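Everything below concerns the one structure shown next.
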Amino acid sequence: MIALYGKNDANFPRLETDVFFVDFDNKYTNNGYLNEMAEYIKDFQLKNPTLWERFVYQFRHDADFDSGWRGEYWGKMMRGACFVYSLTRDEELYAILKKTVYDMMESSDESGRISSYDKSHEFSGWDMWSRKYVLLGMQYFIEICDDEEFIAKITESMKAQVDYLMLYLGEGKKAVCTTSRYWRGLNASSILEPIVRLYNITGEEKYLEFAKHIAEKGGMDSFNVVDLVLENNLYPYQYPMTKAYEMISYFEGLLEYYRATKEEKYKTAVIYFADKVLESDFTVIGCCGSSHELFDHSTVRQANTTNGLQQETCVTVTMMKFMYQLTLLTGDSKYVDAFERSLYNAYLGAVNTDKVIEPTLKDEFPDLNYEPLPFDSYSPLTAGLRGKGIGGFKVMSDKHYYGCCACIGSAGIGLYSKMALMTSKKGFALNLYNSGTIESKTPNGNRVIFDIETEYPVGSEVKITLSLEKDEKFELKLRNPQWSKTTSLLVNGESVSVKEGYIVIDHAFKDGDEIVLCLDMRTEAIYPIPYGSQVLMNRGELHYLIPAYDEEDPLAKNHIALRRGPLFLSQENRLGYSVDDAVEVNVNADGYVDVEFPEKTLAPYKNMLEVTVPLKDGGKMHVTDYASAGKKWTEESKMAVWMLTK
């Protein structure tokens, strides 16, 4: 066997192609808002056996008779559930997951084939996409499974599934990229990721050969997107096909292929693609797509008032996972910055904490079994509503329904455990700051506990106390977020110089060492600038000056956004005003706003942050963090992160 992301035994050596890796034995005790969200998602969705049974049922009865994607539901939710288990170590959840993996294997036919399409319709529509997620679901369960005999059975099932594919697909046969007429076959080509991972698990060269076929075709049935990316001239919104979620998924597979082959051109292509997305299509809330689910120059178009459905949750979570992978690969903290922006804004904003049922559903589908889904699918930027549609909506034979964003969502909160603390040959990188403890092993194999006391992302101070069973010299990297301009650091009471990116402490650590990181929580005003203006760069990453597409929507330039630490602030109709009315924020000459914590809260809902913003007329405007606003999904809770100005 080769590598499955650093699993800590002889069969799973750490990835030599990556700067960082993840120790699967790390243990987390989380406090605060992130922990509340993880528990909510786990209890509301992931520990529901009926839901898992419903998703397996789709494979036993060829449910995707309409060229649908019901077959994606099980694997997407399984991946997220495995991530959440890594964070919570909930044994009841583990038992539910083990049973549903067994049930899924039992749904195979005599050849080992598992598909929600019957044989007469296979290799069309979303068949390969759904098979991809079955494989990924099983592979991520292997990462948390403690039963070697069961792992062997899962591996045999996956081999049978892929062996069946290879009878009909591959070099000299039908090309994988031609097995779907959707998005030029890019959805089908994204099966590259689990194919490479199966090679990693088994070491069998035939799977790497199959992966080579998919990679060398370049993802599309009539266009090689890898060659296009390597030219490094166009942005993703300028490609012949611009579907964001599927394209990111394909490049995740390409990253895996690079790890297996060490062919540098694929690493280069992945990094070029990621950086182009961050430059041209990444919004203030950390998502892509201001016009539906496509790359569309969102960095420029995000303050337009003419945008429709936008900022799909599937794209948010897939971007988070992609940024996690790029952090492992490159060790560059700018990808953690992007991950964190997505986490605290677009992602947490999509969690359906009020358990609202999509408002128009009963009008369109009067005979369904109505129930709230755990995640919203689309997020507004200018004045608008949450809950404007269910992404990937499909009705199942029992009159229950589900959606793609509802299934992928749990992976977002589960990724916290993978991104928060990463290890290297030299030591650790602490990427995310949440109150709680992380237990790990030092480079010499000694136990270490990082006890983190903080009110972050609201508070500016992060206090880290180390508990070590044996003194040891190692490297500890602390991420200095791009937005923090006046960071300070104390190690055992002594000031340490800081720098952009990672602050490196190369120290002989001992039990009880104390580190205090203080971050810049001033509230920054952000304006759209005219399209075509020079975008300021900061160590290779976009500064928070975001262009607006004035030629398309003249109102776009009349907006302001406010950022405090990793949180973007939001207006909301329940805070004492209408978000449709223009305001004039009193911005200081240095570009910051002197917000205050109110003596009395106005928000009739739980939030991470509520502050008052000074206005030029002497008044004050209450705002909350974007993620907490708009949860009623009605005009009552209309919201805006891009606030209309006079």
Side-chain angles (χ1 to χ4, degrees), residues 4 38-64 68-109 112-117 129-162 194 197-198 201 317 369 371 373-375 392 394 396-398 400-414:
L4 247 188
E39 291 296 316
Y40 172 79
I41 294 163
K42 172 170 65 74
D43 294 338
F44 179 39
Q45 180 188 40
L46 303 179
K47 291 172 69 172
N48 181 353
T50 302
L51 195 55
W52 292 107
E53 291 166 6
R54 185 175 298 136
F55 291 164
V56 171
Y57 184 86
Q58 309 312 304
F59 294 86
R60 291 177 172 163
H61 297 274
D62 303 324
D64 281 317
W69 49 81
R70 297 169 186 84
E72 74 172 355
Y73 292 164
W74 183 87
K76 290 176 84 168
M77 200 164 79
M78 172 59 69
R79 178 177 65 185
C82 293
F83 291 173
V84 170
Y85 173 77
S86 296
L87 180 63
T88 65
R89 303 295 173 129
D90 186 313
E91 291 306 316
E92 182 182 356
L93 174 62
Y94 177 82
I96 292 170
L97 300 184
K98 187 172 183 179
K99 181 182 184 303
T100 191
V101 171
Y102 178 83
D103 290 345
M104 180 57 79
M105 291 193 294
E106 285 289 294
S107 74
S108 66
D109 64 16
R113 173 186 181 274
I114 298 178
S115 174
S116 57
Y117 283 59
W129 174 263
S130 298
R131 294 191 199 216
K132 170 191 81 171
Y133 274 114
V134 173
L135 290 166
L136 286 175
M138 291 182 175
Q139 288 170 1
Y140 282 108
F141 181 77
I142 285 177
E143 291 185 353
I144 66 170
C145 186
D146 57 6
D147 183 338
E148 293 298 327
E149 184 177 340
F150 195 48
I151 289 175
K153 290 180 180 178
I154 297 170
T155 303
E156 289 305 309
S157 172
M158 292 190 295
K159 288 172 60 177
Q161 293 173 57
V162 177
R197 289 171 62 96
L198 183 60
I201 294 168
V317 175
N369 292 311
E371 55 190 355
L373 301 182
F375 294 91
K394 281 293 180 184
M396 291 166 276
S397 59
D398 60 358
H400 285 273
Y401 55 88
Y402 228 71
C404 59
C405 299
C407 285
I408 203 172
S410 58
I413 198 71

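All values derive from a computational prediction rather than experimental measurement.
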*Ignoring hydrogens and angles, tell me if any N or O in the side chain of Q45 forms a donor-acceptor pair with the backbone of A406 under 3.5 Å.*
yes
*Under 3.5 Å: donor-acceptor pair, side chain of Q139, backbone of P194*: yes
*Rounded to the nearest 0.5 Å, what's the gap from CD1 on I41 to CE on M77? Could you check?*
12.0 Å
_For M105, run the side chain to side chain contact (heavy atoms under 4.5 Å, CB included) check against V56, V134, T100, I154 and tell me which one passes._
I154
*Would you call S157 and M138 a side-chain contact if the rule is heavy atoms closer than 4.5 Å?*
yes
*Side-chain touch I408/F375, heavy atoms, less than 4.5 angstrom*: no
*Side chains of K42 and L87: does their closest heavy-atom pair fall under 4.5 Å?*
no
*Side chain of D64, backbone of R70: donor and acceptor closer than 3.5 Å?*
yes
_Euclidean distance, I413 CD1 relative to F83 CZ, rounded to 0.5 Å_ = 13.0 Å
*Among M78, R54, Q58, K394, whose side chain to side chain contact (heavy atoms under 4.5 Å, CB included) with Y73 holds?*
K394
*Lys/Arg N to Asp/Glu carboxylate O, K153 vs E156, below 4.0 Å*: no
*Verify, without hydrogens or angle tests, whether N369 (side chain) and D398 (backbone) share a donor-acceptor contact under 3.5 angstrom.*
yes
*Are any of the side-chain heavy atoms of Q161 and L198 separated by less than 4.5 Å?*
no
*Any side-chain heavy atom of C404 within less than 4.5 Å of one from E72?*
yes
*Whether F44 and Y40 hold their rings parallel, tilted or perpendicular, with breakpoints at 30° and 60°*: tilted
*State whether Y140 and R197 meet the cation-pi test: NZ (Lys) or CZ (Arg) under 6.0 Å from the six-membered ring centroid, and within 45° of the perpendicular axis.*
yes
*Compare every heavy atom of P374 with every heavy atom of Y402, then report the nearest pair and how far apart it is.*
OH-CD, 3.4 Å
*Please report the shortest heavy-atom distance between D62 and S115, naming the atom on each side.*
OD1-O, 4.1 Å
*Between W52, F55, W74, which is the residue that forms a side chain to side chain contact (heavy atoms under 4.5 Å, CB included) with M104?*
W74
*Which distance, rounded to the nearest 0.5 Å, do you find between the CD1 of I201 and the OG1 of T155?*
5.5 Å
*Kindly compute the distance separating CG (D43) from CD (E92), expressed to the nearest 0.5 Å.*
8.0 Å
*Mind checking the CD1-CG spacing from I114 to L135? Nearest 0.5 Å is all I need.*
8.0 Å
*Can you tell me how far CG of D146 sits from CD1 of I151, rounded to the nearest 0.5 angstrom?*
8.0 Å
*Closest approach of I144 and S86, non-hydrogen atoms and distance?*
CG2-OG, 3.6 Å
*Can you establish whether the number of heavy atoms outside Y57 located under 6.0 Å from its atom OH is more than 12?*
no
*Parallel, tilted or perpendicular: which fits the ring planes of Y85 and Y94, with parallel below 30° and perpendicular above 60°?*
tilted
*Is any side-chain heavy atom of R113 closer than 4.5 Å to a side-chain heavy atom of R131?*
yes
*Side-chain donor/acceptor of Y401 to backbone N/O of E371, under 3.5 Å*: yes
_Non-hydrogen atoms of R60 and D103 that approach each other most closely_ = NH2-O, 3.2 Å
*Might you point out which heavy atoms bring G68 and Y117 nearest each other, and give the distance in Å?*
O-OH, 2.7 Å
*Counting only N and O atoms by type, is there a donor-acceptor contact under 3.5 Å from the side chain of W69 to the main-chain atoms of G392?*
yes
*Taking side chain as C-beta onward, heavy atoms only, is H400 less than 4.5 Å from T50?*
no
_Neighbour count >12 (heavy atoms, 6.0 Å) for atom CD, E149_ = no
*What is the minimum heavy-atom distance between S116 and F59, and which atoms define it?*
N-CD2, 3.6 Å
